[in-house]
Amino acid sequence: TAAEEPAPNGPVSTTTRSMTVMPAWVIDKYGSNEALRFTKNAGFPVINYPNEVIVRVHSAGLNPLDVRMRDGYGSASLSMKRDPLNIKSSSEFPLILGRDVSGVIMECGLDVKYFREWDEVWAAIPPWKQGSLAEFVVLSANEVSHKPKSMSHREAAAVPYAASTAWSALVNTGGLSKDNCAKKRILILGGSGGVGTFAIQMLKAWGAHVTVTCSQNAELFVRGLGADHVVDYTAGPVEEPLGALEKFDLILDNVGGDTERWALTLLKPWCGAKFVTLVTPFLQNTDRLGIADGMMQNAATVATKALKHLVKGVHYRWGFFVPSGPVLDEIREMVDAGQIRTVVEDTFCFSQVPEAFEKMEKGHARGKTVVQIS
Ligand code: NDP
């Protein structure tokens, strides 16, 4: 069977299994919701490397990226990442979407030390790998973490991708940590969605003062997560009310568009203050121009912008999702300490994946969308 095929360097798995196919939602081409197809015959994941694990998916979480990937966003760059030497004849299809998983380990590669079969785990799946809208998924053990005991699979599946992105932007790119936030003023542009809701809770747990922009009807929601000050972006341009406030040490931008035209003037100059945006042209550039020219364009764009703002005494950065089991371990500790709670806005069953995508496409998220797989 597929799962019993020997790996390139000899056997790597501790067990063999007889399953060759599994139920999954796949796409065979990029497009609208019609591209989504349910099949009982998706290829069963195979352990190809000794550090990999197969996870039985209990719940899958969706992110705006899933809708964009269904449409073809990032296809050139992600295909290159899947097959850097362009040696595989097969395409990325049938492609399984879904970036968040909470489930149970079913099989471990021979080098896997920290997990055993039946461990309950959660993970954010890198976009170049097959996703979680399936009964099983294969991941590297270093992308996986034990799930918080205090959360159900449904709640846990709402966390990894958005919370890891918030962590990566605030900690890796923004230089923040639990030890240096106490006197810091942070502004989150777009606080009511997936990333914003986790960013607010992390920053409040670390003692920062948090200002958030969101729609008026999300004010109570973000205040409930700990936001100290809320500015309604639907009431008019936010530059004015934000400009009247004390300046900020860090801005996390989840909105993009023209925010960087005015937002960096809200930072404290010459204090190491940073603007970190998650809305970047990184994958559009590589899709549009090809990998080599796209990467050159990315380097030139980010360097030009960073320099333009550096001479005014503030730092301009692009933030990215980074898959990491150890970061999820830290997030689990915050969850189990009651510092981060999950915000599941909607739950769909496995047969309702197209409806879940329709909901995601409408936008106006107040937390996360989850699909119950088993
Ligand atoms: P969501 O869709 O979950 O949330 C976006 C939120 O922003 C919604 O609550 C929306 O509510 C609100 N919003 C929309 N427009 C504005 C505005 N002008 N001002 C303030 N709030 C606004 O998205 P995520 O939180 O998951 O992601 C945020 C962004 O970050 C997305 O663009 C995503 O693609 C990007 N991202 C980038 C990553 C990377 O690696 N670079 C990784 C993850 C996310 P409403 O419309 O009702 O106001």
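Atoms within each ligand, like the ligands themselves, are counted from 1 in listed order.
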Checking Glu52 side chain against Ser140 main chain: does a donor-acceptor pair fall under 3.5 Å? no
Any N or O of Val195 closer than 3.5 Å to N or O of ligand 1: yes
Is the shortest heavy-atom distance from the side chain of Arg56 to the side chain of Trp118 under 4.5 Å? no
Could you tell me whether the side chains of His153 and Glu120 share a donor-acceptor contact shorter than 3.5 Å? yes
Have a look at Phe282, Tyr233, Phe321, Phe221 and point out the one with the heavy atom closest to atom 14 (C) of ligand 1. Tyr233
May I ask whether Leu65 has any heavy atom positioned less than 4.0 angstrom from an atom of ligand 1? no
Ligand 1-proximal atoms of Arg366, by part, heavy-atom distance under 4.0 Å: side chain
Within this structure, what is the CZ-CD1 distance for the pair Phe198 and Ile340, rounded to the nearest 0.5 Å? 7.0 Å
Note: heavy atom closest to atom 43 (C) of ligand 1, options Val322, Ile188, Leu189, Thr165, belongs to Thr165
Quick one: does Val279 get an N or O within less than 3.5 Å of an N or O on ligand 1? no
Taking both backbone and side-chain atoms of Asn63, is any N or O found less than 3.5 Å from an N or O belonging to ligand 1? no
Are Thr369 and Asp346 close enough that a side-chain donor and a side-chain acceptor fall under 3.5 Å? no
Are Asp111 and Asn51 linked by a side-chain donor-acceptor pair shorter than 3.5 Å? no
Evaluate Val255 for polar contact with ligand 1, using N/O atom pairs at a separation under 3.5 Å. no
Single-linkage hydrophobic cluster Leu187~Val210, side-chain heavy atoms < 4.5 angstrom: no
Would Tyr161 count as being in polar contact with ligand 1, using the rule that some N or O on each side must be under 3.5 angstrom apart? no
Would you please say whether a donor-acceptor pair under 3.5 Å links the side chains of Thr234 and Gln216? no
Please report whether ligand 1 has a polar contact with Gly367, defined as an N or O pair separated by less than 3.5 Å (distance criterion only). no
Quick one: nearest non-hydrogen protein atom to atom 12 (C) of ligand 1, plus distance? Ser192 OG, 3.9 Å
Taking atom types as modelled, find out whether Thr197 and Gln201 have a side-chain donor-acceptor pair closer than 3.5 angstrom. no
Ignoring hydrogens, just give me the one of Pro64, Ala365, Ala162 whose non-hydrogen atom is nearest atom 9 (O) of ligand 1. Ala365
When only distance counts, is Leu278 in polar contact with ligand 1, meaning an N/O pair under 3.5 Å? yes
Among all the protein's non-hydrogen atoms, which is closest to atom 45 (P) of ligand 1, and how far away is it? His364 ND1, 3.3 Å
Close-contact set for ligand 1 against Ser215 heavy atoms, below 4.0 Å: 45 (P), 47 (O), 48 (O)
Atom 7 (O) of ligand 1: which protein heavy atom is closest, and how many Å away? Gly190 CA, 4.1 Å
Test item: side-chain donor near acceptor, Thr347 and Arg154, under 3.5 Å: yes
